Undergrad: 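Okay, here's the structure, questions in a sec.
This structure is a prediction, so every number in the text was calculated from the model and none was measured.
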Protein chains: 2
Amino acid sequence: MELRQLKYFLKAKELLNFTEAAEQLNISQSTLSQQIKQLEDELDIPLFNRIGKRVTLTEAGALFADFAFQSINKAQDGLLMLRDLHNFQTGKITIGVTYGLRYVLTPALILFATQYPQIKIKVVFGTSEELIDKLNHLELDFALSFFGDIAVEKHFDYQNLFCSPMTVVTAPDSALAQKEIITLEQITQYPLVLPAKGYMTSKFVHDLFERHALSPNIAIEINDIPTLLELVKTGNWHTILAKTSVSQKDGLATIPLLGENMDRTAMIISMKEVYQKKAVKEFYQILHEEINL
Amino acid sequence: MELRQLKYFLKAKELLNFTEAAEQLNISQSTLSQQIKQLEDELDIPLFNRIGKRVTLTEAGALFADFAFQSINKAQDGLLMLRDLHNFQTGKITIGVTYGLRYVLTPALILFATQYPQIKIKVVFGTSEELIDKLNHLELDFALSFFGDIAVEKHFDYQNLFCSPMTVVTAPDSALAQKEIITLEQITQYPLVLPAKGYMTSKFVHDLFERHALSPNIAIEINDIPTLLELVKTGNWHTILAKTSVSQKDGLATIPLLGENMDRTAMIISMKEVYQKKAVKEFYQILHEEINL
DNA sequence: TTTTCTAAATCGAAAATACCGATTGATGTG
DNA sequence: CACATCAATCGGTATTTTCGATTTAGAAAA
């Protein structure tokens, strides 16, 4: 039994005339005859009475027609649903994001969610390590993160969003806040609170000091960035983050770090060879547009 | 899109392993690969993610699977329903019958209807002419009638049930009731009430007298047999019917008619080349069994 | 009746396609 | 790094679908 045969059957049932049905189906009459016969053989019951040249439905045919119709319809509905999905009338996207990029995500998120209210969105905050892991397990459609060697895997696709300089973040009333610029060496003088292991920034900062053979004064490592910023706000500690990781609303000062390769690259990371939903592509678009403002 | 492909897809979805799915489907892995690919092409969307050797469902795949499943199920249900029909768990039969054979039908009808309460039965009383017409229009599954040239059509099938002698039917207290046997000629002396045109018996009786060049005294022609019998019961009139057309319950006497070819043949008449439902075949069986008691 | 027309079934051939085995390429694993 | 595994691909084969032509048979017309 194949959908093709069910379609043939329904058309023949509709017209009760094989010749005309065959025409409308754009097949030959002999093909229709044969396919109907094959279906009848498989069902082990005639669907039509052939009294001479008169064709009428058998009781079996009438009963079976409903099922045939529904079978065809279900398949067709599936196809239509996919077309809709393609035009994202429905669907769900899951976005991973590091705290450092939450100010990038938020406006795009608001724009997208209001524009496509029917699409469910799940946002997962986490460390870069966690996000990479979730990407690998297909639990995310994409992740927003800064570039870093943790995330370098050949089956990932990368889209650059923008570059942001690393800055020292400090309370506005702290001594550091007056500086126009600051060197790595100077920072070693101050007590720091840094993102815990797992965050790309954590690794970046550790590597940075190591490369320059400097020992930073790391007082606290913490895996919650809002809390980290609260600590910084007290003036007792300072931290190092990309400039865009801090918003004006946070009420904190950012001082650029002097040195080479002090730029972080924010990017969209996604799995290669995984189908990119239209909704996801649209979200990329909004992200890029927002950044180019 | 074909049901075969949908089945392949669901198996692949179930196992998320093409090689094993192909094995369980008794096809080669390459065939499965190709058929899935073809389905994806038609749907214009990947159903699976192929990340290296890992196979996972896409969102589209997950959504489509429900429809695929239902489509297959509907077709399968149709098949199962037909199997049930074959074993007549359901269905409806329509039986045509002449009044003259109502006493043959009734016990079979009671037996069948109690044995297969789930089968709807429609009984249509009518003249042989009407029944033949309805058979031709497929409005009856079969008809019970006496044999007669009216009903001789090449696209009919005939099953003999039994033979019944023609008898004169009369009130038990009438003068005729005392006779052991009666001749055609004698009947012409008595006023008759006969079935109206259209009944096989009417034609049979008319032909009979004509063949013997006799003129019967036909006082009344009537197209309702119970009423006809009521008239006979008054003793004012007599009629001619097959012996089995009259029951003991009717309180009437039957006197065999002397002569050649005075036997009527009761039969089942049905359309050739029209599918005979199991229920109908079972009804035939019960009719035959009942008669052979 | 006989003839003519029409529609479904049938038949043989050809076109399409489902299928297979072998191979390839890619990816995890020991 | 070798090895095993799995999906994709390729070329060829087998099967199935399809078609055109013909046959068969009923219905309508002559």
Undergrad: Please list, chain by chain and in numerical order, all residues satisfying ring-ring contact (aromatic ring centres under 6.0 Å, His included) with B:Phe204, sequence neighbours excluded.
TA: none
Undergrad: Tell me if the NZ atom of A:Lys13 is crowded by more than 12 foreign heavy atoms within 6.0 Å.
TA: no
Undergrad: Can you tell me the distance, in whole Å, between the CG atom of A:Asn49 and the P atom of D:dG26?
TA: 15 Å
Undergrad: Describe the nucleic acid contact of A:Tyr8 in one word from base, sugar-phosphate, nothing, applying a heavy-atom distance below 4.0 Å.
TA: sugar-phosphate
Undergrad: For B:Lys197, is there an ion pair with B:Glu130 - N to carboxylate O distance below 4.0 angstrom?
TA: no
Undergrad: Taking only nitrogen or oxygen atoms into account, show me every contact under 3.5 Å that the protein makes with nucleotides 25-30 of chain C, one pair per line with its distance.
TA:
residue: C:dT27; atom: O2; partner: B:Lys53; partner atom: NZ; Å: 3.2

Undergrad: Got a salt bridge between A:Lys92 and B:Glu59, using NZ or NE/NH1/NH2 to carboxylate O under 4.0 Å?
TA: no
Undergrad: Are any non-hydrogen side-chain atoms of B:Tyr8 and B:Ile27 less than 4.5 angstrom apart?
TA: yes
Undergrad: Where along nucleotides 8-16 of chain D does protein come under 4.0 Å, by heavy atom, of base (B) or sugar-phosphate alone (S), with - for untouched nucleotides?
TA: BBB------
Undergrad: Less than 4.5 Å apart, any side-chain heavy atom of A:Phe64 and any of A:Leu6?
TA: yes
Undergrad: Taking atom types as modelled, find out whether B:Ser33 and B:Ser30 have a side-chain donor-acceptor pair closer than 3.5 angstrom.
TA: no
Undergrad: Just how far, in rounded Å, is P of D:dT17 from CG of A:Leu6?
TA: 13 Å
Undergrad: How close or far is atom P of D:dG26 from atom CG of A:Asn17, stated in whole angstroms?
TA: 18 Å
Undergrad: Distance check needed: D:dT5 P versus B:Glu20 CD, whole Å only.
TA: 13 Å
Undergrad: Tell me: CD1 of A:Ile36 to C1' of C:dT10, nearest whole Å?
TA: 16 Å
Undergrad: Given atom CG of A:Asp41 and atom P of C:dA9, what is their separation to the nearest angstrom?
TA: 12 Å
Undergrad: Which nucleotide wins on minimum distance to the side chain of A:Val55, given the candidates C:dA8, C:dC20, D:dA7?
TA: C:dA8
Undergrad: Please check if any side-chain donor atom of B:Asn49 sits under 3.5 Å from a side-chain acceptor atom of B:Thr56, or the reverse.
TA: yes
Undergrad: Using only side-chain N and O atoms of B:Thr19, determine if any of them is under 4.0 Å from OP1 or OP2 of D:dT5.
TA: no
Undergrad: Mind checking A:Asn26 for me? I need base, sugar-phosphate or nothing, with any heavy atom below 4.0 Å counting as a touch.
TA: sugar-phosphate
Undergrad: Using whole Å, what does the distance between atom C1' of nucleotide D:dA7 and atom CG of B:Leu47 come to?
TA: 15 Å
Undergrad: So what does B:Ser28 touch, heavy atoms closer than 4.0 Å: a base, only the sugar-phosphate, or nothing?
TA: base
Undergrad: What is the distance from CG of B:Leu16 to C1' of D:dA7, rounded to the nearest Å?
TA: 13 Å
Undergrad: Is it the case that the side chains of A:Tyr199 and A:Glu129 hold a donor-acceptor pair, with the cut-off being a distance below 3.5 Å and no angle test?
TA: no
